[in-house]
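Let me begin by presenting the structure, written as structure tokens, before commenting on it.
For clarity, every value in this text was computed on a predicted model and none was experimentally measured. Residue numbering restarts at 1 for every chain, and letters A, B, ... go by the order of the sequence lines.
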Amino acid sequence: GAGVSQSPSNKVTEKGKDVELRCDPISGHTALYWYRQRLGQGLEFLIYFQGNSAPDKSGLPSDRFSAERTGESVSTLTIQRTQQEDSAVYLCASSLGTGVWETQYFGPGTRLLVL
Amino acid sequence: QKEVEQDPGPLSVPEGAIVSLNCTYSNSAFQYFMWYRQYSRKGPELLMYTYSSGNKEDGRFTAQVDKSSKYISLFIRDSQPSDSATYLCAMSVRGFQKLVFGTGTRLLVSP
């Protein structure tokens, strides 16, 4: 079946603008994660959603970052007033649940460049 | 100091070589250890995972965890050009939730 999809693939924006990144998880997956991958660094956890529970936002780096998820479907990560240090690949992953051995399946990422 | 340290490479080897990839970590609470492979412009894909210490083998891949030394390894036998990718270690206190990743090691296998 279809994997995790993300859009846009690439986004170039000017400093100070807002951007929205979209993630479509695998159908039936109740858990959804967002990560950030800066050049030369590992993936940083940002936020995860599990069903109708309150999301775990502990990884969001500042209040300029926010994310929403409608039910168990699409999620949007919004970055307000973008800064150059926000330039990174933003990866979304989904899993059937958040059980101990529920594997996360990653999308291809959105490459964000803030000029 | 980062929680997880990994040499970024690149590591260049000839086809057929045995490859050793490693990570060290500082958080003794980590109990779950994973290795992901990431091809250029793709998302990471899970290769192997282990719980606590010990070895796990899957085909040409062997994952090894030494909790006493806070050191994990991934060995690739009979390496192939198709193994050329970035290998990321990841670990957590509880399963696949809130994984902490290394920076990744770029591996190049030449024919």
Turns out that what part of L99(B) lies under 4.5 Å from chain A's heavy atoms comes down to both

Most heavy-atom pairs under 4.5 Å with chain B, out of Q41(A), Q6(A), R38(A), belong to Q41(A)

A quick test of your reading: do over 12 heavy atoms of other residues, nucleotides or ligands sit less than 6.0 Å from NZ of K11(A)? no

If one checks every heavy atom of Y39(B) against chain A at 4.5 Å, the contacting part turns out to be neither

So CD of Q37(A) and OG1 of T86(B): to nearest 0.5 Å the spacing works out to 8.0 Å

So CG of N10(A) and CZ of R41(B): to nearest 0.5 Å the spacing works out to 6.0 Å

When the 4.5 angstrom heavy-atom criterion is applied to Y105(A) and chain B, the contacting part is neither

Heavy atoms of L43(A) and P44(B) approach each other most closely as CD2-CG, 4.2 Å

> Applying the 4.5 Å side-chain criterion to the ILVMFWY set and letting contacts propagate, would L88(B) and L46(B) be lumped into a single cluster?
Replying inline: yes

Note to self: Would you say that more than 12 heavy atoms from the other residues, nucleotides or ligands in this model lie under 6.0 Å from the CD of E15(B), or not?
What the structure shows: yes

* Asked: Does a sphere of radius 6.0 Å around CD in E85(A) hold more than 12 heavy atoms from other residues, nucleotides or ligands, not counting ones at 6.0 Å or beyond?
  -> yes

* To do: Answer yes if V13(B) and I76(B) sit in the same cluster of Ile, Leu, Val, Met, Phe, Trp and Tyr residues linked by side chain heavy atoms under 4.5 Å apart, and no otherwise.
  => yes

Honestly, the part of Q38(B) sitting under 4.5 Å from a heavy atom of chain A is side chain

Would you say that more than 12 heavy atoms from the other residues, nucleotides or ligands in this model lie under 6.0 Å from the CZ of R106(B), or not?
no

The interface call for S9(A) against chain B, heavy-atom contacts under 4.5 Å, is neither

Hey, any chance M91(B) and Y36(B) share a hydrophobic cluster, counting ILVMFWY side chains that come within less than 4.5 Å of each other, even indirectly? no

